[in-house]
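See structure below.
Residue numbers start at 1 and run along the sequence shown.
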Amino acid sequence: IVYGITMLEMAQVVLDTNVLVSALRSRRGASFKLVDDLGCERYVPCLSTAVVLEYEDVLLRQAATMGYTPEDIGDFIDFVVGVSRCVPIHFRWRPFLPDAGDECFLELAVAARADAIVTYNKRHFPGVLETFGVKVLDAREFLQNIGVLP
């Protein structure tokens, strides 16, 4: 048993945009490993329409500074959508978090019954574990918890 689930079960996870930005900026580090493993059946990323739109907005704004074209970003987002579990959101928990921009990630995690939200802004998700039972981890912690990193 790893991370409170058996290895036969795949962790359900919500990836914050900052993890994707970090992965696209550098091929080193836990974020890149996490994104490089998309579709490898170690975990299932969960998506909602609002989260996909957030990814698109942020990644397209930062594309040029990261060395990517808008087409590259579109292809990347299409790939992420293709390997993810799309989850409809039927209930909003707003306002719960200090930053309204993070609410779509919390709502997705709750609707998907996700094991974790993976983010580099853990302080933006106070009370999520206690209230909703969803862990808030950075990329390295998540990979350690599912047994990919020591």
Inset, instruction - List the steps, then state whether side chain to side chain contact (heavy atoms under 4.5 Å, CB included) holds for Leu59 with Val21. - result: CA-CA 7 Å; Leu59 294 177; Val21 169; 3.6 Å; yes

Inset, instruction - Starting from the C-alpha separation in whole Å, work towards a yes-or-no answer on side chain to side chain contact (heavy atoms under 4.5 Å, CB included) for Ser31 and Val19. - result: CA-CA 6 Å; Ser31 293; Val19 173; 4.0 Å; yes

Inset, instruction - Go through the steps to decide whether Asp37 and Val148 satisfy the test side chain to side chain contact (heavy atoms under 4.5 Å, CB included), and finish with yes or no. - result: CA-CA 10 Å; Asp37 280 354; Val148 173; 4.0 Å; yes

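For Phe96 and Phe132, the ring centers are positioned less than 6.0 Å apart. For Phe142 and Tyr43, the ring centers are positioned less than 6.0 Å apart.
The shortest distance between side-chain heavy atoms of Val80 and Pro45 does not fall below 4.5 Å. Between His124 and Thr119, the closest side-chain pair of non-hydrogen atoms is not below 4.5 Å.
A donor-acceptor contact shorter than 3.5 Å links the side chain of Asp115 to the backbone of Gln12. When atom types are taken as modelled, the side chain of Asp72 and the backbone of Thr69 share a donor-acceptor pair closer than 3.5 angstrom. Side-chain N or O atoms of Asp138 include one that pairs as donor or acceptor with a backbone N or O of Glu141 at under 3.5 Å.
When all heavy atoms are compared, the tightest approach of Ala23 to Val35 is CB-CG2, 3.5 Å. Nearest heavy atoms, Val134 versus Ala114: CG2-O, 3.7 Å. Closest non-hydrogen pair, Ala111 versus Pro88, comes out as CB-O, 3.9 Å. When every heavy atom of Ala112 is checked against every heavy atom of Cys46, the shortest pair comes out as CB-SG, 3.7 Å. Taking all atoms of both residues into account, the shortest heavy-atom contact from Phe105 to Leu15 is CE2-O, 3.6 Å. Heavy-atom minimum distance, Lys33 versus Arg42: NZ-NH1, 4.0 Å.
For the atom pair Asn121 CG and Asp16 CG, the distance stands at 6.0 Å (nearest 0.5 Å). Note that CG of Leu34 and CZ of Phe32 are 11.0 Å apart. Values are rounded to the nearest 0.5 Å. Summarising the geometry, atom CG belonging to Leu108 is positioned 8.5 Å from atom CZ belonging to Arg85; distances are rounded to the nearest 0.5 Å. The CZ atom of Arg27 sits 9.5 Å away from the CG atom of Leu24 when rounded to the nearest 0.5 Å. The line from CD1 of Ile77 to OG of Ser84 is 11.5 Å long, rounded to the nearest 0.5 Å. Annotation: the span from Leu106 atom CG to Leu97 atom CG amounts to 5.0 Å, rounded to 0.5 Å.
Atom CZ of Arg140 has 12 or fewer neighbouring heavy atoms from other residues, nucleotides or ligands inside a 6.0 Å radius.
Put simply, Leu129 and Ile117 are part of two different groups of oily side chains (I, L, V, M, F, W, Y) that touch within less than 4.5 Å, one to the next. By the rule that hydrophobic residues join a cluster once side-chain heavy atoms approach within less than 4.5 Å of another member, Val81 and Leu53 end up as members of separate clusters.
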